[in-house]
Visitor: 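Quick one: structure below, then a few questions.
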2 protein chains.
Amino acid sequence: MAIVDDHPIVIEGLKNLLAAQPDLEITGSFTTGTEFLVFLKDHVVDVVLLDITLPDISGIELCKEIRMMAPQTFVLALSNHNERSMIFQMLHNGASGYLLKNASANELINSIHEALEGKVTFSNSIREIMSMPHLTEFREKPAITKRELEILKLIAQGETTAGMAESLFLSKLTIETHRRNLLQKFAVKNVAQLISIATQQGIVP
Amino acid sequence: MAIVDDHPIVIEGLKNLLAAQPDLEITGSFTTGTEFLVFLKDHVVDVVLLDITLPDISGIELCKEIRMMAPQTFVLALSNHNERSMIFQMLHNGASGYLLKNASANELINSIHEALEGKVTFSNSIREIMSMPHLTEFREKPAITKRELEILKLIAQGETTAGMAESLFLSKLTIETHRRNLLQKFAVKNVAQLISIATQQGIVP
DNA sequence: CTTCCTCTACTGGTTTTCTGGTATATTTAC
DNA sequence: GTAAATATACCAGAAAACCAGTAGAGGAAG
């Protein structure tokens, strides 16, 4: 099995926790997604523990690529993110499970064994989050497109519709449509509320 | 030394990394703040590696309490948060340093040694963040009156000038003046930027 | 290949915000 | 008790945002 995580401390911890398991041998650990993809080209990996926040590419994207390159490799997401959308995105991209980093050693080892058997598993806290749809996140993050995100950030910086139209070489009518969609997706009345909520949710820095 | 972190994996990793250091003996590891405070009552701890996000209380608060209870105990923050405000809050509360969790083993060990000597240390990435301040964070918080704060919050909630005038029993021309003063005090072009910056500065929740 | 999504763009309007000024009670602070 | 800051209020016009509806081009996914 392999580990992909940009925190050396976490890698050490995992190695240590799994050292006691004779059937789980760690064949490689990586701090970037590309490093692992290179490794995967000429090595067989049964299961990979995959962090979602990586320096080069998102774990969500990486998961998809891994599954395309090596469908026999099971992917277990290991992350601090407990947003439902993250979990579902990972599963959608072929992950075999999702563990929070605060999982106990037992949870971790069990999940790896289950993943190796082809089962889909979650750490306990994730199960809770998945079963309680709206308590953990009273407001779901809306699905927002790349262009919309771009516009959203510019709005937060104080750019006006006309200014954005000019700098993005678009009609200002187009920008207005994006604006409208943002307001509608976030279910808010005006930009003030839009920026307020987007910032709270960490979508805008 | 002691470790407070809600991730068992991280605790394992740290134990492992520090096992090779004969002068650093780990006398306790804890997953909650209160557990550690109890331990601290009848144990001497030279240095504690402290996570900021804990299940019970914030590491920032905990740091303050530790320093009050045991001033001879050095606190090293260990976190994923790379916001300048976090770093400064920790230092303000008496931390001896701040490490990102993606720090290398060497950085970690060096920092612990330096902390033990009473020095203030940071991991490399934190040093960068601290030396290259973001433009928005340079901005000092403008002096804002009670009424203005009230209006600011209502704006962030999506209230319009007319709506606020009605709910506060004021002329809408008055609200417009407050609005204008807010824009002027924050030196911004429009509400979008106003809310963006006010939220970043924690003025609006 | 067809359906769905995203990005693009338009018409024609209403509402709200923003920008100049100006001005007067009422607190607050020294 | 006086000066400064704060909260209140007005006028008028320009600029920007918001609303409702429509629609084609292009890409992704099934």
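Naming: A, B, ... by sequence-line order, numbering from 1 per chain. Please read these numbers as outputs of a predicted model, since none were measured by experiment.
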Visitor: If we ignore angles and hydrogens, is there a donor and acceptor under 3.5 Å between the side chains of B:E35 and B:T32?
Guide: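 Yes, a side-chain donor-acceptor pair sits under 3.5 Å.
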
Visitor: Just wondering, are more than 12 heavy atoms of other shown residues or ligands nearer than 6.0 Å to CD in A:E166?
Guide: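 Count not over threshold, so no.
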
Visitor: What's the angle between the local helix axes at either end of the helix from C:dC1-D:dG30 to C:dC30-D:dG1, using five pairs per end and rounding to 10 degrees?
Guide: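 Taking the rotation axis at each end, their angle is 80°.
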
Visitor: If we ignore angles and hydrogens, is there a donor and acceptor under 3.5 Å between the side chains of A:H7 and A:D51?
Guide: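 No - no donor-acceptor pair under 3.5 Å links their side chains.
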
Visitor: Regarding B:K185 and B:E148, does a basic nitrogen lie under 4.0 Å from an acidic carboxylate oxygen?
Guide: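 Looking at B:K185 and B:E148, the cut-off is met.
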
Visitor: Looking only at heavy atoms, what is the nearest atom pair of A:L152 and A:A198, with distance?
Guide: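 It is CD2-CB, 4.0 Å.
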
Visitor: For each nucleotide in nucleotides 4-19 of chain D, reading 5' to 3', give B when a protein heavy atom comes within less than 4.0 Å of its base, S when such contact involves only the sugar-phosphate, and - otherwise.
Guide: --SSBBB------SBB

Visitor: For B:T73 and B:R67, test the side chains for any donor-to-acceptor distance below 3.5 angstrom and give the result as yes or no.
Guide: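 There is no such pair between these side chains.
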
Visitor: Regarding B:D6 and B:T31, is there a side-chain donor-to-acceptor distance under 3.5 Å anywhere?
Guide: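 No, no side-chain donor-acceptor contact under 3.5 Å.
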
